[in-house]
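Read through the structure below, which is laid out as structure tokens, and then see the notes.
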Amino acid sequence: MPLMSTEELYKRYKTELFSLAYRMLGSVMDAEDIVQDAFLSYGGLTGVGTIRNERAFLYKIVTNRCLDLLRSSAKKREMYVGPWLPEPLIEKGDLDDDPSSRYLRSESISTAYLLLLQQLSAKERAVFLLREIFHYSFEEIADIVGKSSVNCRQIFHRAKKSIHFDPDQQPPVSIAEEKIKEFVNSLLQGNTTKLLELVSENVVLYSDGGGKVNAAQVPVVGFDQVLKLHHKVISMHAGKFTYSFLMVNGLPGIRIRLDKGIQYVYSFAYRDHKIEAIYTVANPEKLRHLCDQAES
């Protein structure tokens, strides 16, 4: 069977390789850079005719580049100001044309799931994702990450035990969209009764400003405190903000624009049909990839 050209490989595998890198790193821009670099590296190789499995070879390049980046940026993460959240992944309209877009549509791209992945070590994350999401055998994973298959199996089972995620708690997109629109309308109208129907009393708000814009530097816990914070922000910026609804990490979310170019991107997690966690990203470095994206 003849080898595919680099261009053909790029068209076939770019989306799934991006989805691996994004889950590993929590960064849209770094994931895009690593995938581009992987194909450039592949295209510059001599002796590609000896490669028996091009897809696995590309996965190996991307995985190892992600591991290298995570090692080099570990200190920076330790010094991060306030809660760290992944860069929001905004769904684009052309995903339906790409068969590999299924890797970006599952619950395993949600903000809540990505944060669970961050609790794993970089190597554990790689093994877990390659097995759980991309369905590689332990023998194939061993070749990709440079461990024995027995070791990879142990790493996977250990990681799986620590990932407590119930996909059944995630509502269908249509229901989530309705809840988010009701959430915004109730906030703007000051309808506390309706908000209590939508939001858990134990809700937690995580706000990632990275020390660059105003954002809570510790999680805000409890319905009353989260409501108080939002009422304060709405009052401060009355008449000076716009908002739109869009898909964020596989579920309906919100994009809020303030004056002076400041923006917040909201995503949500659910439990027992109520909003259990609110994630807001305002760090401008994490929103650069949205600057040229049209509003939906």
Side-chain angles (χ1 to χ4, degrees), residues 82-86 88-91 104-116 163-209 213-258 262-282 287 290 295-296:
W84 180 95
L85 294 174
L89 180 63
I90 306 304
E91 185 171 308
L104 295 175
R105 289 185 176 277
S106 69
E107 66 277 354
S108 64
I109 210 73
S110 71
T111 304
Y113 193 85
L114 292 175
L115 288 173
L116 286 175
I163 297 289
H164 303 292
F165 184 78
D166 184 359
D168 292 335
Q169 291 291 339
Q170 183 170 283
V173 168
S174 59
I175 293 176
E177 183 177 17
E178 182 180 338
K179 286 180 181 292
I180 297 311
K181 289 182 176 179
E182 289 179 342
F183 170 76
V184 171
N185 289 334
S186 300
L187 267 179
L188 295 176
Q189 295 167 9
N191 188 342
T192 304
T193 301
K194 183 61 179 178
L195 285 167
L196 279 168
E197 296 176 9
L198 297 167
V199 182
S200 167
E201 291 185 10
N202 300 314
V203 65
V204 182
L205 168 71
Y206 302 89
S207 189
D208 181 344
V213 298
N214 286 333
Q217 294 192 10
V218 295
V220 180
V221 181
F223 176 86
D224 291 339
Q225 292 303 311
V226 170
L227 183 60
K228 181 179 177 181
L229 175 63
H230 277 94
H231 282 164
K232 180 180 178 181
V233 172
I234 290 170
S235 177
M236 284 175 56
H237 298 281
K240 299 179 182 178
F241 68 90
T242 60
Y243 64 90
S244 58
F245 300 101
L246 70 177
M247 293 293 288
V248 183
N249 290 84
L251 280 174
I254 311 165
R255 185 179 188 180
I256 299 174
R257 293 176 180 267
L258 307 181
I262 298 172
Q263 59 180 327
Y264 293 78
V265 174
Y266 277 60
S267 56
F268 302 84
Y270 301 83
R271 181 165 296 279
D272 298 329
H273 310 294
K274 289 189 174 186
I275 295 170
E276 178 189 48
I278 302 172
Y279 308 103
T280 72
V281 178
L287 300 176
L290 305 183
E295 293 280 5
S296 58

Taking all non-hydrogen atoms of both residues, which atom of [X] and which atom of [Y] are closest, and how far apart?
| X | Y | value |
| --- | --- | --- |
| Pro88 | Leu287 | CG-CD2, 3.6 Å |
| Ser207 | Thr280 | OG-OG1, 3.0 Å |
| Lys194 | Ser186 | CG-OG, 3.1 Å |
| Ala216 | Pro83 | O-CD, 3.7 Å |
| Ser108 | Tyr113 | O-CD2, 3.2 Å |
| Val281 | Pro86 | CG2-O, 3.7 Å |

Starting at [atom1] of [X], measure out to [atom2] of [Y] and round the result to the nearest 0.5 Å.
| X | Y | atom1 | atom2 | result |
| --- | --- | --- | --- | --- |
| Tyr243 | Leu188 | OH | CG | 5.0 Å |
| Thr192 | Glu197 | OG1 | CD | 11.5 Å |
| Ile109 | Leu251 | CD1 | CG | 11.5 Å |
| Asn202 | Lys274 | CG | NZ | 10.0 Å |
| Leu246 | Ile180 | CG | CD1 | 11.0 Å |
| Thr193 | Leu198 | OG1 | CG | 11.0 Å |

Before you tell me yes or no, could you show the steps for Ser110 and Gln170 under side-chain contact (heavy atoms from CB on, under 4.5 Å), namely the whole-Å CA-CA distance, both residues' side-chain angles and the distance that decides it to 0.1 Å?
CA-CA 10 Å; Ser110 71; Gln170 183 170 283; 4.0 Å; yes
Looking at Ala282, is its backbone amide N or carbonyl O close enough to the side chain of Gln263 to form a donor-acceptor pair, meaning the two atoms are under 3.5 Å apart?
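No; zero donor-acceptor contacts below 3.5 Å.
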Under 3.5 Å, which donor-acceptor pairs link side chains of residues 219-235 to any protein atom two or more places apart or in another chain?
| residue | atom | partner | partner atom | Å |
| --- | --- | --- | --- | --- |
| His230 | ND1 | Val226 | O | 3.0 |
| His230 | NE2 | Tyr266 | OH | 2.9 |

Check whether more than 12 heavy atoms from other residues, nucleotides or ligands sit under 6.0 Å from atom [atom1] of [X], and answer yes or no.
| X | atom1 | value |
| --- | --- | --- |
| His273 | NE2 | no |
| Asn214 | CG | no |
| Gln189 | CD | yes |

Passing option when Phe268 is tested against Phe183, Tyr279, Tyr206 for ring-ring contact (aromatic ring centres under 6.0 Å, His included)
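Considering Phe183, Tyr279, Tyr206, a ring-ring contact (aromatic ring centres under 6.0 Å, His included) with Phe268 is found only for Phe183.
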Decide side-chain contact (heavy atoms from CB on, under 4.5 Å) for Arg255 and Leu290; before the verdict, give the C-alpha distance in whole Å, the side-chain angles of both, and the deciding distance to 0.1 Å.
CA-CA 10 Å; Arg255 185 179 188 180; Leu290 305 183; 3.6 Å; yes
Determine, for Lys179 against Glu182, whether the closest basic-nitrogen to carboxylate-oxygen distance falls under 4.0 angstrom.
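Result for this pair is no, no salt bridge flagged.
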Might you work through the side-chain contact (heavy atoms from CB on, under 4.5 Å) test for Leu85 and Leu114, ending with a clear yes or no?
CA-CA 9 Å; Leu85 294 174; Leu114 292 175; over 6 Å; no
Under the side-chain contact (heavy atoms from CB on, under 4.5 Å) rule, what do Lys181 and Phe245 come out as? Steps first, then yes or no, please.
CA-CA 8 Å; Lys181 289 182 176 179; Phe245 300 101; 3.7 Å; yes
Go through the structure and list residues passing side-chain hydrogen bond (donor to acceptor under 3.5 Å, both in side chains) with Asn249, not counting sequence neighbours.
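Residues passing side-chain hydrogen bond (donor to acceptor under 3.5 Å, both in side chains) with Asn249: Tyr22.
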